[in-house]
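The structure appears below as structure tokens.
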Amino acid sequence: MPPPTTAGTLPNRALHARLLRSGALDADPSAAAPLAASAANSSLPYALSLLRAHPSTFSYNTAIRSLAHGPRPHLAVALYRSMLLGPLSNPNNYTYPSLLAACARLLPASSPTPAAAPGTAVHASLFRRGLDSRDRFIGASLLSFYAAAGDLPAARQVFDASPPGQRDLPLWNSLLHAHLSQGFYAHVLRLSRQMPAADEVTLLALVSACSHLGALDTGRWAHASYARTRRSTTRNLGTALLNMYMRCGDVESAWSVFRETLDKDVRTWSVMIAGLATNGLPRDALALFAEMKNTGVDPDSITMTAVLSACAHAGMVDEGKKFLDCMPVEYRVQPTIEHYGCVVDLLGRAGQLDEALALIKTVPFKADVVLWGALLVACRVHKNVDMGEMAAMEILKLDPQHAGACVFLSNVYADAGKWDLVQGVRSSMKEQKIYKPPGSSIVELNGVVYEFLSGDRSHPQSDRIYAMLDEICKTLSLKGHKPSTKEVTFDVDEEDKEVCISQHSEKLALALGLISTTRGDVIRIVKNLRICEDCHSVMKIVSEVYDRVIVVRDRNRFHHFKNGSCSCLDYW
DNA sequence: TTAGGGTTAG
């Protein structure tokens, strides 16, 4: 407990004295509330002695709220405990919303359920008092607490238990953001359609879910419905919309939102720069960075990541290195491990593997999985088996269950034709039950989102999809395309390779896109992993033969396929 | 009587 600070205490004591002299505190102990609230964060013992001398539920509530939003939220829980000890200060329905907010703030970032202890104890105490489902404020804060604790079923239960008459906009919004934070993006879209009303907070969740899903039609609809009712877009929503358009690969719409946003802040600029970098326009990204500097907005750490990623996508090695060197002085941003990761990626893509390794060895941090991972990808592309093996080993030292490192290791051996080593990795993964996440692709058609796994037959139009795939295969072989099977060595037997690769999730999404659109339309696909070499060349040919623009967002970047070529210029 | 809830990039 820090000692009372003079600055925080003197005016309080003066106020205290005045309250005592006038007899206000004797007449009504609640008069101590403002004093208790302002003292709580600077000197809790003082606030506590005041509350003990003049106890009232009102004053405790006010002080708990002040602590809940202050720098040490655990003190809110402590004060609640001492509130329970006094006979004249029983908690009521006003006590719990801020208390639960404090409990949510106590959770470590992205914590799994067990850390939820103080909050669940509060829930139990609410339940005992019969306050748990009577109050819409308590419902919303309870729901957000469980969402923050990563316990979506409990959050959902709070919503379901609330009387329908209490399901107001904030409660719905809490539910929406609970699903958003746990990655259930399609649920967010579905839930938003059930909502009786929507406001800006709703649209933030909806637009953000669309960004993740690549659901451009729905995102556009949300944008239009907002634009109909409001005169101007707020900066938060504007930035979310910008991000959505960029992450759906619609650079034009992103530009128009960007131009319309008048009070651009560092986030607005950063989202735009990052979006241009990943959408195959890295030089435009760097030009925009120059413009940002001229407008007097200072870049932050995120901006610099976007700038370095633009350099990496453009293969601009010297510029990237220069940015890394000068950023602490010129932009007052200390390089973080993410920034070093970008430069390792930059050097690696450009084939400067030794320099990338040297950088990893000199970073002023303990090298992490991301850093080694960037080197590993580069080793694979540039076929450096020895360094790749070393990088994978380093990753496995840091995270023995890292499926990506095992897969890469196996692929590095496969590329090099070392089949006995491939077999060794595969069986060790089987023993340790390490699985590669399955590839999945999403395509949105007429506002409906369809998801495919590899070899998926769950779509109602499955027969037509596979017929379309056959047709594509025939067209491809006429064009002289040979399936590139070297990336599938991992999970199937040799004879199944071609079949498997022809049913990759992005190809199924493409086939559905082709049968559902007409010439000149844009087909947008979002893939959870990196696009494979074969799918990449198939997309190029299909974009020409079937006259479609195909935009694929993969794990790292966008591929805009048009007239037989890709915006990444085959550098990804 | 007074007071309480939802949102903020990768």
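Within every chain, numbering begins at 1; the chains are lettered A, B, ... in the order of the sequence lines, protein sequences first and strands thereafter.
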task: Check whether any side-chain nitrogen or oxygen of A/His69 sits under 4.0 Å from OP1 or OP2 of B/dA3, and answer yes or no.
output: no
query: Looking at A/Arg65, does any N or O in its side chain come under 4.0 Å of the phosphate oxygens OP1/OP2 on B/dA3?
result: no
Tell me which nucleotide among [options] gets nearest to the side chain of [X].
X	options	value
A/Ser144	B/dG6, B/dT2, B/dA9	B/dG6
A/Asp300	B/dG5, B/dG4, B/dA9	B/dA9
A/Asn92	B/dG4, B/dA3, B/dT8	B/dA3
A/Asp28	B/dT1, B/dG5, B/dA9	B/dT1
A/Leu171	B/dG5, B/dT8, B/dA9	B/dG5
A/Ile138	B/dG5, B/dG10, B/dG4	B/dG4
A/Asn173	B/dG6, B/dG4, B/dG10	B/dG6
A/Asn243	B/dG6, B/dT8, B/dG10	B/dG10
A/Arg267	B/dG5, B/dA9, B/dT2	B/dA9

d([atom1], [X]; [atom2], [N]) in whole Å:
X	N	atom1	atom2	value
A/Met244	B/dT7	CE	C1'	17 Å
A/Lys264	B/dT8	NZ	C1'	19 Å
A/Leu241	B/dT8	CG	C1'	13 Å
A/Arg247	B/dA9	CZ	C1'	9 Å
A/Leu79	B/dA3	CG	C1'	15 Å
A/Tyr96	B/dG5	OH	P	16 Å
A/Leu142	B/dG6	CG	P	12 Å
A/His179	B/dT7	NE2	C1'	17 Å

- request: Could you tell me whether A/Asp250 and A/Arg220 make a salt bridge, using a distance below 4.0 angstrom between a side-chain N and a carboxylate O?
  value: yes
Sidechain N-carboxylate O distance under 4.0 Å for A/Arg136, A/Asp168: yes
- request: Look at all strands and tell whether A/Arg235 reaches a base, only sugar-phosphate, or nothing, counting heavy atoms closer than 4.0 Å.
  value: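 If one applies the 4.0 Å heavy-atom cut-off, A/Arg235 turns out to touch nothing in the nucleic acid.
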message: Using a heavy-atom cut-off of 4.0 Å across all strands, would you classify A/Thr62 as base, sugar-phosphate, or nothing?
response: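 Counting heavy atoms under 4.0 Å across all strands, no contact is made by A/Thr62.
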- request: Tell me whether A/Phe137 is stacked on the nucleobase of B/dG4, counting only the six-membered base ring and applying the 5.5 Å and 30° thresholds.
  value: yes
Per-pair stack call A/Tyr94 and B/dA3, 5.5 Å, 30°: yes
task: Using only heavy-atom distances, determine whether the side chains of A/Asn173 and A/Thr202 contain a donor-acceptor pair under 3.5 Å.
output: yes
task: State whether the distance check finds a donor on one side and an acceptor on the other, under 3.5 Å, for side chain A/Asp199 versus base B/dG6.
output: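 Check passes, donor-acceptor contact within cut-off.
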message: For B/dG5, does the base pair up with any side-chain atom of A/Asp135 as donor and acceptor (N or O, under 3.5 Å, distance only)?
response: no
- prompt: Taking side chain as C-beta onward, heavy atoms only, is A/Trp172 less than 4.5 Å from A/Phe159?
  reply: yes
field: A/Leu142 and A/His123, any side-chain heavy atoms less than 4.5 Å apart
entry: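 Of all side-chain heavy-atom pairs linking A/Leu142 with A/His123, at least one is under 4.5 Å.
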message: Quick check for you: to the nearest 0.5 Å, what is the distance between A/Arg247 atom CZ and A/Cys210 atom SG?
response: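 The SG atom of A/Cys210 is 11.5 Å from CZ of A/Arg247, to the nearest 0.5 Å.
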